Peer 1: 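Structure in structure tokens, see below.
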Number of protein chains: 2
Amino acid sequence: MGGDHGPSVVVPAVVRALRDLPEEVRILLHGDETAIAAGLAKHPRAAARVEIRHAERVISMDEKPAQALRRGKGTSMWNAVESVREGQAAAALSAGNTGALWTISRLILRMTGELERPALVTSIPTPRGVTTLLDVGANIDCDAERLVEFAIMGEAFHRAAHSVSRPTVGLLNVGSEEMKGHEEVREANRILREGKIDLDYRGFVEGDDITRGGVDVIVTDGFTGNVALKAMEGVGRFVLNELRGALTSGPLASLGALLARPALQRFGERMTPTPAAPILGLNGIVLKAHGGASERDFAKAIRLAVDLARSDFSAEIERNMRRLPDALAEPLAEPADEAAQGVRE
Amino acid sequence: MGGDHGPSVVVPAVVRALRDLPEEVRILLHGDETAIAAGLAKHPRAAARVEIRHAERVISMDEKPAQALRRGKGTSMWNAVESVREGQAAAALSAGNTGALWTISRLILRMTGELERPALVTSIPTPRGVTTLLDVGANIDCDAERLVEFAIMGEAFHRAAHSVSRPTVGLLNVGSEEMKGHEEVREANRILREGKIDLDYRGFVEGDDITRGGVDVIVTDGFTGNVALKAMEGVGRFVLNELRGALTSGPLASLGALLARPALQRFGERMTPTPAAPILGLNGIVLKAHGGASERDFAKAIRLAVDLARSDFSAEIERNMRRLPDALAEPLAEPADEAAQGVRE
């Protein structure tokens, strides 16, 4: 029911996704039964694989998380997350209110092991595949321990989602010599460098490494990650618009664009950001789809949810988390690595 | 002498820039006299407008700022900045070591008025013109006062550099409802909202507003700004490479690309980031060119230096700075605006 379009996008997206998904994949749709049933009426084959769970109420897009928590019970979002806890669903996907989904999921599913707070993760295309970037907005103030947790969660997620047996991990920082990042980043670097946590940690990376693909997983706080992600999306949109403008600027350019169309379409496809951000660290899989997701985007998000549900990433996270207290217990050593030596003016 | 290429790029760039610049613009070149004179030998018209100031020594790209400060005297960089203080040059431009340039400039030129630290500023293309973004890396930890200073400097810079009489200003933040930025950002928002500083302040903006052009000036701390800038540059490069790949992927696509070539070239030109970042807040104009700047980039950077030298932005900054102590003296009021009400989980 959530997002900018509700069932008018979600239902056709389900139909579209089910076409490509193995027969055994089935979908629970939580929300207004009448609207959903109407949308499914013309698609009996898809409808046979869908079960509708009627919900009277909906969490609106502008509801505050605290409010959503108080009056959330019985809403379509609440029920969807609850069905994960009850083992009726292997993953929950929503295009609704991010803050509400985050808060409700944390309450209903609880955190895995000793994890403090969930993280939002996203995948960015690179020439070599994808970069996993986290946190992209769930945690604004992050201490070193939080960043180390993100490294653990992100690495496990990347292995599960992209079948990379030993993903490499980097910590986002700034480049200039005179100021090598703030306290939290340098401390997280120290912990990860120590090697008590089983990760292929590669040290600091910079903003342009996100699309370069030099490491698989890039860790940062939710403020920086959110700004960087949105800034990159902005550039992507801007560039595609400018390109469209350039390629329709005259008859020759237009003819050129026509001839190059299939190539440009593949290019556009490649540039589309992933349509859903999983919320990591919960005892269960929850994904947040973009509020403005189109039918096609939402269908992609469903496929991602299925992939994650079939993977083992929660167990991966838990395995690594067990080593965290050990790594943090280490007494604060002399700052021995290059990072601590950046001169601060 | 600095940057990845030294005089082999700087000298031809000077020749190129002088072709388009008014006759009265003259250039002081600090560095190895022999190398510079050799580069100018074939260009007598340009050479007539250039004066070479020999410097024995050079600050290397990997020198630490503190070290550069100790042994900087007499280097080409030091002399270039000194010539601004002595009134012999209206602006200094270097492709050398960023930290060294920043530190040396601060020592030699001192800060304007009550400003604490200089900021690095950059301009990002948008459909409507350019966005001024700062700080992009000079100040990692920023309190609210620092962010307010950036707003003042950035607004004055934008007016001077882009001839906009009353630039609009936004503060970079994250979007999700449940966590409206950290302490420093909310406090800076409060001060700017109060209106004691003469600015057209528009409140919070998000990462994708950088390329949207909704406000003229976007303010953030140096960590976030640096990561966002580099992330955007990374996307730009990635997209252009992918596009090149797409347009040479087959004979039809290649023919299309050929026909659309002039349009694509204009597109590429438009997407090129500005080649130099001015260091704001000093009693004098200093610009940092990209270390890897090409001849063409460096020529553009020279033109930008000339534009700034002819503008009045230092005086603009000073005027606004006079109002800052007043705005900060205000007792901490109850958090009255919407920003302070973001629920933090």
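So you know, we letter chains A, B, ... as the sequences are listed, proteins then strands, and number each from 1. As a basis for the values below, the full set of heavy atoms in this structure was taken, side chains included, without hydrogen atoms, waters or symmetry mates. From a predicted model like this one, the values you see are computed outputs, not experimental measurements.
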Peer 1: Are the side chains of B:N173 and A:F223 in touch, meaning some heavy atoms are under 4.5 Å apart?
Peer 2: yes
Peer 1: Do the non-hydrogen side-chain atoms of B:V227 and A:V227 ever get within less than 4.5 Å of each other?
Peer 2: no
Peer 1: If we ignore hydrogens and angles and just use 3.5 Å, is the side chain of A:T211 paired with the main-chain N or O of B:G234 as donor and acceptor?
Peer 2: yes
Peer 1: Drop me the distance from B:K230's NZ to A:R212's CZ, to the nearest 0.5 angstrom.
Peer 2: 9.5 Å
Peer 1: To the nearest 0.5 Å, tell me how far A:M232 CE sits from B:D208 CG.
Peer 2: 11.5 Å
Peer 1: Looking at every heavy atom in both B:H182 and A:I140, which two are closest together, and how far apart are they?
Peer 2: N-CG2, 3.7 Å
Peer 1: What part of A:I210 gets closer than 4.5 Å to chain B, counting heavy atoms only: side chain, backbone, both or neither?
Peer 2: side chain
Peer 1: Could you state the interatomic distance from OG1 (B:T224) to CG (A:D221), rounded to the nearest 0.5 Å?
Peer 2: 7.0 Å
Peer 1: Go through the structure and list residues passing side-chain contact (heavy atoms from CB on, under 4.5 Å) with B:S105, not counting sequence neighbours.
Peer 2: B:V81, B:L101, B:L282, B:V286
Peer 1: Can you measure from CD (B:E206) to CD (A:E233) and round to the nearest 0.5 angstrom?
Peer 2: 10.0 Å
